[in-house]
Amino acid sequence: MHVRHVLFVSALCFAAGLAVDPAHAQVRVGEAAVIQNEVVRVTGSASSQINVGDGVLRDEVVRTGQDSAARLVMADSTNLSLGPSATIKLDRTVFDDEHSYREIAIRLTTGAFRFVTGHSEKAAYKITTPLATIGVRGTVLDVLSLRGRTTVVLQEGASRVCATGGPCIELTQPGDTAIITSTGGRTTIQKTNNSPWTFAANCAALAGLCTVTDLADARPTVTPPVDDGSDPTGMLCGR
């Protein structure tokens, strides 16, 4: 093997070692199953497009543009659908095992969402908006977070919705809705069974947006690599 080739392989091995350094590893907590138009991950002032099959990371902000939508499938098979002009932050995830969380916190900052719980214990989930904290029990929820107003619509299961720093109400029947408003520094919460909004129009606008899949089903099929001498086993790196 030529010296130049040896140096090149050594550099590749060094780079690979950096890529898998546990001390600097980013925690992958789910994947993008459906992407329409502009869906980006935001880091500081920078953003980059998310494509189907891309991972989503802990502490990551995900934002959809106008006429855009996304469905994310988390490691525990929670399905989170985002409508246009929506922003979420995957605030905190603590794994219980490979397929469930001991704790998962998702902040729905602005926009329309559908949330379908996965395999984790229901007490593990904490969903927040700027005005509300939402607890879930085997639940399908539609959430609309706007400035000064949050609407939570129960589609299946049960949920406890609390105004931030205020009272709570129980949603127990499909169609039960909590409406939290903030006006002049005063936050109020009311319950109705005649919701002025649901996520259904977003579901109808894009095939697959409201489909529920496990994480394994969300992953795109990967063609096995062709042996082109590129050292896929790491033998040149002594592994």
Side-chain angles (χ1 to χ4, degrees), residues 39 42 56 59-66 68-72 74 76 78-93 101 103-118 120-205 209-210 212:
V39 181
V42 181
V56 290
D59 299 325
E60 187 163 69
V61 173
V62 177
R63 185 175 66 210
T64 60
Q66 294 182 355
S68 303
R71 179 164 61 86
L72 310 177
M74 311 304 288
D76 71 337
T78 290
N79 280 242
L80 180 59
S81 303
L82 291 71
S85 302
T87 302
I88 68 166
K89 183 178 181 184
L90 307 173
D91 263 344
R92 178 174 170 79
T93 54
Y101 296 108
E103 183 179 348
I104 174 170
I106 300 175
R107 184 170 179 82
L108 311 179
T109 305
T110 185
F113 311 88
R114 173 162 288 184
F115 180 89
V116 182
T117 53
S120 300
E121 291 294 327
K122 305 316 170 190
Y125 297 97
K126 182 181 178 182
I127 308 170
T128 60
T129 77
L131 297 180
T133 300
I134 305 164
V136 301
R137 297 193 296 276
T139 304
V140 179
L141 286 172
D142 293 349
V143 182
L144 179 63
S145 178
L146 303 174
R147 183 169 182 172
R149 184 181 179 95
T150 292
T151 303
V152 182
V153 185
L154 181 70
Q155 298 294 346
E156 183 181 310
S159 177
R160 180 180 176 88
V161 182
C162 301
T164 302
C168 303
I169 61 174
E170 303 289 336
L171 307 181
T172 58
Q173 301 295 323
D176 278 358
T177 300
I179 300 174
I180 305 97
T181 56
S182 178
T183 306
R186 180 172 176 265
T187 301
T188 60
I189 184 169
Q190 61 178 327
K191 180 179 177 179
T192 178
N193 195 259
N194 185 23
S195 175
W197 168 88
T198 73
F199 196 77
N202 296 283
C203 299
L209 180 61
C210 297
V212 177

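In plain terms, the two heavy atoms of Tyr125 and Gly118 that are nearest each other are OH-N, 2.9 Å. Smallest separation of non-hydrogen atoms from Ser195 and Thr177: CB-OG1, 3.1 Å. What you find for Ala132 and Thr164 is that their closest heavy atoms are N-OG1, 3.3 Å. Taking each heavy atom of Cys210 and Ser81 in turn, the nearest pair found is CA-OG, 4.2 Å. Of all the heavy atoms in Ser182 and Leu131, the pair that sits closest is CB-CD2, 3.7 Å. Contact detail for Thr87 and Phe113: the closest heavy-atom pair is O-CZ, 3.6 Å.
One distance of note links CD1 of Ile106 with CD1 of Ile127; it measures 6.0 Å at 0.5 Å rounding. To the nearest 0.5 Å, the span separating CG on Asp59 from CG on Leu90 amounts to 8.5 Å. Once rounded to the nearest 0.5 Å, the distance linking CE of Met74 with CD1 of Ile104 reads 4.5 Å. With rounding to the nearest 0.5 Å, the separation of CD1 in Ile134 from CG in Leu171 is 9.0 Å. Separating the CZ atom in Arg71 from the CG atom in Leu209 is a distance of 7.5 Å, to the nearest 0.5 Å. Leu146 CG to Thr110 OG1: the interatomic distance, rounded to the nearest 0.5 Å, is 6.0 Å.
Evaluation of the salt bridge (Lys or Arg N to Asp or Glu O under 4.0 Å) test over residues 186-201, restricted to residues two or more places apart or in two chains, returns Asp176-Lys191.
The closest side-chain heavy-atom distance from Ser85 to Gln66 is below 4.5 Å. Residues Phe115 and Thr78 meet the side-chain proximity criterion, which asks for heavy atoms closer than 4.5 Å.
Checked by atom type and distance alone, the side chain of Thr133 never pairs as donor or acceptor with a backbone atom of Cys162 at under 3.5 Å. No donor-acceptor distance shorter than 3.5 angstrom exists from the side chain of Thr139 to the backbone of Leu141, with no hydrogens or angles considered. When atom types are taken as modelled, the side chain of Ser159 and the backbone of Gly135 share a donor-acceptor pair closer than 3.5 angstrom.
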Tell me which donor-acceptor pairs under 3.5 Å the side chains of residues 148-156 have, and how far apart each pair is, sequence neighbours excluded?
unit_1	atom_1	unit_2	atom_2	d
Thr150	OG1	Thr129	OG1	3.0
Gln155	NE2	Asp142	OD2	2.9

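Under the rule for a salt bridge (charged side-chain N to carboxylate O under 4.0 Å, His left out), Lys122 has no partner lying at least two apart in sequence or in another chain.
For the pairing with Ile88, the side-chain contact (heavy atoms from CB on, under 4.5 Å) check across Val56, Thr64, Val61, Leu72 returns one residue only, Leu72.
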